[in-house]
Amino acid sequence: MTAARELKKERIELRVAASAKELIQRAMAVSGLTAGDLAYEGARRVLDEHERMVLTGADREAFLAAVTNPPEPTDRLVAALRRRREQLG
């Protein structure tokens, strides 16, 4: 079964430096992808990296400590959970 492909109807116009154009054209030749496909893949990678959380050092240790030994819920959190349960019925 083949996946349904989205029609390419939209356009983006770009002004780039000559060196950027050459780089894009070389990437197109090597990969067999269109400029639009290269832009899409690049944008997808940027968003994937942005959405991935990487913790190092003290941040990592604080996160692991909170996961393995979570703090007791505060009174405000308990009250909020009760209100939510009442709303849901």
Side-chain angles (χ1 to χ4, degrees):
M1 186 169 139
T2 60
R5 293 185 52 98
E6 186 176 357
L7 291 177
K8 296 179 180 179
K9 297 180 185 178
E10 303 298 321
R11 291 183 61 88
I12 296 177
E13 227 174 285
L14 304 170
R15 289 201 184 275
V16 297
S19 60
K21 181 179 179 182
E22 181 183 336
L23 184 73
I24 293 167
Q25 288 174 329
R26 287 178 51 210
M28 289 169 57
V30 169
S31 68
L33 296 173
T34 66
D37 291 338
L38 285 170
Y40 175 82
E41 287 301 316
R44 189 181 56 75
R45 279 191 211 129
V46 166
L47 292 174
D48 284 348
E49 289 174 12
H50 177 74
E51 292 169 354
R52 188 174 302 124
M53 181 174 56
V54 178
L55 299 176
T56 58
D59 292 336
R60 180 178 164 269
E61 295 306 319
F63 175 78
L64 291 174
V67 169
T68 57
N69 188 19
E72 291 294 318
T74 64
D75 292 339
R76 289 180 65 189
L77 178 58
V78 171
L81 289 171
R82 282 191 184 125
R83 284 192 307 274
R84 182 67 176 150
R85 273 195 211 123
E86 290 170 6
Q87 289 174 348
L88 294 176

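In this structure, CD in Gln25 is found 11.5 Å from CG in Leu38, a value given to the nearest 0.5 Å. With values rounded to the nearest 0.5 angstrom, Arg83 atom CZ is found 8.0 Å from Gln87 atom CD. In this structure, NE2 in His50 is found 11.5 Å from CG in Asp48, a value given to the nearest 0.5 Å.
Contact of the Arg82 side chain with the Val78 side chain is registered, since non-hydrogen atoms from C-beta on lie closer than 4.5 Å.
One finds no salt bridge joining Arg52 and Glu49 here, because no Lys/Arg side-chain nitrogen approaches an Asp/Glu carboxylate oxygen to under 4.0 Å.
By the rule that hydrophobic residues join a cluster once side-chain heavy atoms approach within less than 4.5 Å of another member, Val30 and Leu23 end up as members of separate clusters. Residue Leu33 is not grouped with residue Tyr40 when hydrophobic side chains (ILVMFWY) are merged at heavy-atom distances under 4.5 angstrom, including chains of intermediate members.
Taking a 6.0 Å sphere around CZ of Arg26, one finds it holds 12 or fewer heavy atoms contributed by other residues, nucleotides or ligands. At most 12 heavy atoms of other shown residues, nucleotides or ligands fall within 6.0 angstrom of atom CD1 in Ile12.
Val67 belongs to a hydrophobic cluster whose remaining members, ordered by chain and number, are Met53, Leu55, Phe63, Leu64; membership requires side-chain heavy atoms of ILVMFWY residues under 4.5 Å apart, directly or through intermediates.
The two residues Ala27 and Ser31 have their closest heavy-atom pair at O-OG, 2.7 Å. In terms of heavy atoms, Ala66 sits closest to Pro71 at O-CD, 4.5 Å. The heavy-atom pair separating Val16 from Ala20 by the smallest distance is CB-CB, 3.9 Å.
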